[in-house]
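One structure is given here, and the rest of the page talks about it.
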Amino acid sequence: MTRFAGRVVVVTGAAVGIGKAAARAFAREGATVYLVDVDDETGPPTAAAIDGATFLRCDLTVEAEVAAAVDAIDRGSGRIDVLVNNAGGFPEALGLAETTLDTWRDIVDSNLTSVFLMSRAALPLLRRSDAARIVNLGSLAGLTAGWQTAPPYVAAKAGVHGLTRAMAAELAEEGITVNALAPSAVLTERIQRLRDRDQLATTAAGIPLGRYQTPEEVAEWILFLASPEAGFMTGETVSVNGGRFMA
Ligand SMILES: NC(=O)c1ccc[n+]([C@@H]2O[C@H](COP(=O)([O-])OP(=O)(O)OC[C@H]3O[C@@H](n4cnc5c(N)ncnc54)[C@H](O)[C@@H]3O)[C@@H](O)[C@H]2O)c1
């Protein structure tokens, strides 16, 4: 299939997990894909296994590194059609009392400030596209109290949903759409490493559909939000959570 043939797609946090699945899916659909990630051990082999993909090492919380990554994309492709702000996550479930200021800042910076820095830097290249799309990774945690996560993560993801609306409102007159996707429990390599069998089963049991979402399923939602079919949708957060939100 070639739904994204000739399109230039940037996926942040694409060395592993949801970002990697999204990068692979866009490439399968014919896109030229840039994988932007701070992990320069896993990122290069991930990109090397994807047709037409390029790895760019970048800490998305550092303004100068984001500018350098966007410069490299400009030199390589001259525009961006789709920006997927996916980098983020949190190291472990935490309560308020155990959250240090450093942990707060790290989580807010990697989940929220990264979206601001990358979107702002990419804007001149997005403006050169005839149908630019931004897709931000929010979370069910940003719509709820954040089951099994951490206060700074909940706050940062709620911030991502708000920033999505603010950017969408500002960029609508230029035809650039901005939407967020809010997954719930996704069975990435990281989650499989962090949780034992019993913990995985307990989490799955708390989801009405009785299982984790796969990274590949999340990737298909990201592709939909980046597709021509989603062209009349902007400023929305799409919640895909196996029924967890209603439960
Ligand atoms: N896995 C889930 O259950 C789940 C649920 C809801 C939302 N999400 C969100 O989806 C996104 C992807 O999640 P995942 O589970 O695939 O994450 P992951 O931890 O498996 O991968 C995240 C990637 O982002 C990169 N990254 C983190 N901080 C970075 C920075 N400052 N600069 C550059 N790269 C950075 C990491 O190196 C890593 O490759 C995240 O925003 C996460 O919050 C995940």
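Keep in mind that the numbers below use all heavy atoms, side chains included, and drop hydrogens, waters and symmetry copies. Numbers here are sequence positions counted from 1. Since the model is a prediction, treat every value here as computed from it, not as a measurement. Order of listing sets the numbers, starting from 1, for every ligand and every atom in it.
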Per atom 9 (C) of ligand 1, closest listed option by heavy atom (Tyr212, Phe90, Tyr153): Tyr153

Residues Ser119, Leu83; criterion side-chain contact (heavy atoms from CB on, under 4.5 Å); working and verdict: CA-CA 8 Å; Ser119 302; Leu83 168 62; 4.0 Å; yes

Nearest neighbour of atom 29 (C) of ligand 1 from the list Thr12, Asp37, Val38, Val160, on a heavy-atom basis: Val38

For ligand 1, the portion of Glu189 having any non-hydrogen atom under 4.0 Å away: neither

Gln192 vs Leu187 side-chain heavy atoms within contact, under 4.5 Å: yes

Shortest heavy-atom approach to atom 28 (N) of ligand 1 - which of Ala156, Ser110, Gly43: Ser110

Within-cut-off N or O pair, Ile191 and ligand 1, under 3.5 Å: no

Any N or O of Ile18 closer than 3.5 Å to N or O of ligand 1: yes

Side chain, backbone, both or neither: Val36 near ligand 1, heavy atoms under 4.0 Å: neither

Shortest non-hydrogen separation from Val11 to Ala22 and the atoms involved: CG1-CB, 4.5 Å

Minimum side-chain heavy-atom gap Tyr212-Arg195 below 4.5 Å: yes

Within 45° cone of Tyr34 ring axis and under 6.0 Å: Arg75 NZ or CZ: no

Check: Asn86 N/O within less than 3.5 Å of ligand 1 N/O: yes

Ala156 versus Val108, closest heavy-atom pair with distance: CB-CA, 4.0 Å

Any Cys58 heavy atom less than 4.0 Å from ligand 1: yes

Heavy-atom closest contact (Trp104 atom, Ala155 atom, distance): CH2-CB, 3.9 Å

Shortest heavy-atom approach to atom 22 (C) of ligand 1 - which of Ala15, Gly88, Ala141, Ala69: Gly88

Top protein contact for atom 17 (O) of ligand 1, by heavy-atom distance: Arg190 NE, 4.1 Å

Per-atom contacts, ligand 1 versus Thr61 - under 4.0 Å to a heavy atom: 31 (N)

Asn179 side-chain N/O to Gly235 backbone N/O, donor-acceptor pair under 3.5 Å: yes

Heavy-atom check, side chain of Phe4 versus side chain of Val33, under 4.5 Å: no

Candidate with minimal heavy-atom separation from atom 32 (N) of ligand 1, of Val115, Leu117, Leu60, Ile222: Leu60

Ser184 contact mode with ligand 1 (heavy-atom cut-off under 4.0 Å): backbone

Shortest non-hydrogen separation from Val8 to Arg79 and the atoms involved: CG1-O, 3.3 Å

Backbone or side-chain N or O of Ala185 under 3.5 Å from ligand 1 N or O: no

Backbone or side-chain N or O of Ser139 under 3.5 Å from ligand 1 N or O: no

